[in-house]
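Below you'll find the structure, written out as structure tokens, and then a few comments.
So you know, we letter chains A, B, ... as the sequences are listed, proteins then strands, and number each from 1.
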Protein chains: 2
Amino acid sequence: MKLSARKEKILANVVEHYIPTGEPVGSKALSEKLGYSSATIRNEMSELCELGLLEKNHASSGRIPTSAGYRYYIDNLMSTSPLGDMECAKLEAMLRAGAKTPEKILENAGGILARLTGCATVVTTPADAQAKISKVELIPASSKTAILVLLTSSGILKNCVCRIDIDINENVKDRFKEIVDKYFLKAKVAELSEEMLEEIIGALENEDYAIKPLLSALYELGKEAGESKAYVEGESNLLAHRDAYGDITELMQFLQQREQLSRLVSFQETPQNSRMSILIGSENYFAEMEQSSVILSRYAFGNNAMGTIGVIGPTRIDYAKLIPDVEYLTDMVGRLLSEHYSEDEE
Amino acid sequence: MKLSARKEKILANVVEHYIPTGEPVGSKALSEKLGYSSATIRNEMSELCELGLLEKNHASSGRIPTSAGYRYYIDNLMSTSPLGDMECAKLEAMLRAGAKTPEKILENAGGILARLTGCATVVTTPADAQAKISKVELIPASSKTAILVLLTSSGILKNCVCRIDIDINENVKDRFKEIVDKYFLKAKVAELSEEMLEEIIGALENEDYAIKPLLSALYELGKEAGESKAYVEGESNLLAHRDAYGDITELMQFLQQREQLSRLVSFQETPQNSRMSILIGSENYFAEMEQSSVILSRYAFGNNAMGTIGVIGPTRIDYAKLIPDVEYLTDMVGRLLSEHYSEDEE
DNA sequence: ATTAGCACTTGAAGTGCGAGAGTGCTAACA
DNA sequence: TGTTAGCACTCTCGCACTTCAAGTGCTAAT
């Protein structure tokens with residue numbers, strides 16, 4: 001669908017007026033700005049309504065953009081400008097300030113983005129379903145407690161504490177190492193399965209049966225390394241945009257369900273071509289997100305591991321400003337994480 | 001302060017009527033219920049107002065309890081009944097379901113309590129400032145990355161990934177172990193200080209200087225083990241109680257600041273006698289919490305480590321129901337964590 | 001000490017009305 | 001044929017006004 005130049009001008013003006021003010025825009029205001037009479041504008045707007053790009057709140061009020069309207073605007077009309085050097089430097093400094101561990105980098109990034117944009121942000125932990133288990137360590141912490149550490153080929157590291165009911169002596173360690181070498185090492189995390197775990201446990205000899213908890217825990221760690229987990233930050237920022245929502249309670253409740261969020265984010269990953277993904281209002285799969293837009297971008301580090309960072313706000317968020325913000329922050333996060341994990345460069 | 005039996009009856013009835021309905025209660029309703037004439041009730045209520053236990057929203061509407069009113073009610077008039085066996089069993093099952101790691105136990109408990117109470121919950125990680133560092137492990141993960149593990153005498157375990165710019169060979173390990181043994185092992189985490197860290201780093205010989213990041217990271221881990229961190233769950237539940245708040249935005253924003261929350265919770269720890277702590281409305285130190293109440297309880301496990309679990313809701317929450325809920329859940333969490341960590345029993 | 005009665009206060013809810021913004025449609029115009 | 005002017009119509013919003021119910025404080029009687 002290609003609009004006439006004049007329709008595009010009108011659409012762009014409606015969007016750009018509506019986003020900051022939240023007020024429906026009428027024909028008169030545009031007529032002054034664009035030099036056509038209000039009647040002409042009205043005719044054009046009426047057609048834009050029929051095309052599904054604009055809509056009215058009630059029979060007689062100004063027009064506001066529909067999801068499709070925003071979509072057309074973003075894809076064809078909007079121009080974004082990259083962040084200024086000053087701002088980049090400031091963000092980088094903030095991001096580096098608390099960057100002691102990968103978890104903190106992500107948490108920090110979410111918080112910074114939330115403050116920067118005044119919206120809620122979602123951050124997912126890095127994961128790579130294609131990664132292979134490259135290292136497993138078992139460290140006795142006390143006589144019957146051990147720490148299990150797992151490292152994948154893409155640089156993802158997971159660990160947990162595990163309790164078993166026997167002494168962790170050399171024998172146990174050896175037996176564990178044997179099983180790990182045979183079944184877990186070099187295995188793709190995506191290919192770990194309940195069945196496989198049960199098979200391994202089933203094959204345990206009697207005296208080795210006590211190490212079952214270790215194997216279960218290891219399996220869990222592997223699974224975790226393959227699946228990214230979503231965290232939300234700055235939800236309360238959305239309360240400031242309450243006027244853009246009918247009832248904001250639904251949305252807030254939705255944002256507290258991590259599994260749902262993971263799905264929300266993973267849905268975006270289908271378009272393989274671009275790193276950015278924008279879903280506007282009704283484009284979102286979830287009914288609770290109908291009045292919201294999501295701007296997502298992927299970060300990557302190490303060998304193929306990646307996660308997502310994004311903002312969630314009302315459909316009338318300032319796309320032109322937020323898109324570069326999100327983009328820059330994901331870049332930085334990827335870079336910081338690489339610095340943390342990489343072995344060879346730097 | 002001791003009230004007459006009749007005043008107590010009136011106060012109790014006001015509180016018990018106001019909590020579920022949220023409506024100010026007038027003299028007429030009480031007169032029917034208590035058998036005194038409305039005028040008598042009015043006189044008594046007027047005195048309760050002067051005592052600061054009741055107040056009016058506006059010159060001519062029913063009375064509602066003040067913070068002091070709730071306080072008197074809770075301390076002297078309220079009776080709580082323990083949870084039923086059925087409910088206990090259900091909660092225990094839910095809690096055990098996802099209880100694979102200590103972190104998950106806590107997260108899970110927060111979520112369960114939030115759903116159970118319809119309020120926000122706050123959970124702090126276990127910490128013990130008096131604990132000593134009992135074990136430190138350094139595990140090379142790749143040529144220049146290592147995992148650092150720290151265990152305290154009270155059973156708290158912390159770990160992180162650390163990157164240094166030299167190969168982690170036997171030499172480095174030995175040197176690190178030497179320093180750990182000398183300065184960190186058996187040290188109280190509360191006594192770790194920046195100065196001490198700088199002193200240690202200052203004393204490094206040239207060739208050892210590269211292990212500085214390891215020492216910094218270790219210091220951070222020790223600090224973390226001594227300080228508990230607060231997490232909130234179920235904030236969106238508070239939106240359902242919006243009518244109990246003027247503007248809920250302030251509160252929501254407050255709940256997102258982890259440092260503030262830690263303070264909110266640590267303030268409660270002063271009364272050493274009891275495990276439970278209830279702060280009502282203006283009893284809270286923070287202005288943002290003026291319209292909220294907090295019910296906190298401590299869990300403990302292992303050797304002296306403890307944390308807090310609690311609910312946050314409007315001042316007119318159902319104390320009689322929530323107090324046993326919180327109590328039971330903290331007990332369970334303590335027990336579950338003990339099962340995870342304990343070495344000797346079970 | 002308790003109660004009945006009465007005047008008064010206050011907020012909530014409903015009504016009516018006019019202003020303002022904006023639309024759709026028709027007819028005139030270049 | 002595309003554009004514009006004009007007009008009747010619609011809808012929201014704020015304001016003033018009324019009414020109603022609930023509840024109070026106070027005084028006087030019991």
Side-chain angles (χ1 to χ4, degrees), chain A residues 2-11 13-18 20-66 69 242-246 316, chain B residues 3-11 13-18 20-66 69 242-247 316:
Chain A
K2 173 70 184 158
L3 299 178
S4 71
R6 190 168 65 186
K7 279 205 181 62
E8 289 196 338
K9 237 188 206 165
I10 291 174
L11 177 59
N13 270 277
V14 170
V15 171
E16 281 162 14
H17 184 270
Y18 183 67
T21 68
E23 281 164 11
V25 14
S27 54
K28 204 173 159 193
L30 288 191
S31 115
E32 283 164 21
K33 210 165 177 185
L34 300 183
Y36 302 96
S37 83
S38 69
T40 310
I41 307 276
R42 273 205 294 282
N43 288 334
E44 294 282 48
M45 292 215 288
S46 177
E47 284 174 45
L48 285 170
C49 269
E50 276 167 33
L51 291 169
L53 300 177
L54 295 181
E55 65 183 346
K56 309 186 260 186
N57 267 342
H58 34 263
S60 134
S61 194
R63 306 302 212 287
I64 61 177
T66 63
R242 214 176 337 211
D243 50 336
Y245 290 96
R316 51 166 262 254
Chain B
L3 299 179
S4 71
R6 191 168 66 188
K7 280 206 180 60
E8 288 195 339
K9 237 188 205 165
I10 291 174
L11 176 60
N13 270 277
V14 170
V15 171
E16 281 161 17
H17 184 272
Y18 183 67
T21 67
E23 280 163 11
V25 13
S27 54
K28 204 176 159 192
L30 288 190
S31 113
E32 282 163 22
K33 208 164 176 187
L34 300 182
Y36 303 95
S37 82
S38 69
T40 311
I41 307 277
R42 274 204 293 283
N43 288 334
E44 294 282 47
M45 292 216 286
S46 176
E47 284 174 47
L48 286 170
C49 269
E50 275 167 35
L51 290 169
L53 300 178
L54 295 181
E55 66 182 345
K56 308 186 259 184
N57 268 339
H58 20 266
S60 136
S61 194
R63 305 304 212 287
I64 60 177
T66 62
R242 215 174 339 208
D243 51 334
Y245 290 97
D247 180 12
R316 50 166 263 253

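- Remark: side-chain polar atoms of B:Thr66 are not paired, donor with acceptor, to backbone N or O of B:Glu55 under 3.5 angstrom.
- The CG atom of A:Leu30 sits 16 Å away from the P atom of D:dT3 (whole-angstrom rounding).
- The shortest side-chain heavy-atom distance between A:Ile10 and A:Leu30 falls under the 4.5 Å cut-off.
- Computed from coordinates, the A:Asn57 CG to D:dC13 C1' distance equals 14 Å when rounded to whole Å.
- Residue B:Ile64 comes nearest to B:Pro24 through the heavy atom pair CG2-CA, 3.7 Å, listed as atom of the first residue, atom of the second, then distance.
- Residue pairs meeting the side chain to side chain donor-acceptor pair (under 3.5 Å) criterion with at least one member in residues 43-52 of chain A, sequence neighbours excluded: A:Arg6-A:Glu44, A:Lys7-A:Glu44, A:Lys7-A:Glu47.
- Listed by chain and number, the residues in a side-chain contact (heavy atoms from CB on, under 4.5 Å) with B:Asp243 are B:Arg316 (sequence neighbours excluded).
- Along DNA chain C, the stretch of nucleotides lying under 4.0 Å from any heavy atom of chain B spans, 5' to 3', C:dT2 to C:dG11.
- Annotation: side chain of B:Leu3 is in contact with side chain of B:Leu53 (closest heavy-atom distance under 4.5 Å).
- Looking at residues 35-56 of chain A, you'll see A:Arg42, A:Met45, A:Lys56 sit with a heavy atom under 4.0 Å from some atom of DNA chain C.
- Here the P atom of nucleotide D:dT3 and the CG atom of A:Leu34 are 13 Å apart, to the nearest Å.
- For the side-chain contact (heavy atoms from CB on, under 4.5 Å) test, residues two or more places apart in sequence or in another chain that qualify with A:Ser27 are A:Ser38, A:Ile41, A:Arg42, A:Met45.
- With sequence neighbours left out, the salt bridge (Lys or Arg N to Asp or Glu O under 4.0 Å) criterion links B:Glu8 to B:Lys2.
- Listed pair B:Ser60 / D:dA22 fails the phosphate criterion, with no side-chain N or O lying under 4.0 Å from OP1 or OP2.
- Taking atom CZ on B:Arg63 and atom P on D:dA22, their separation rounds to 17 Å, with Å as the unit.
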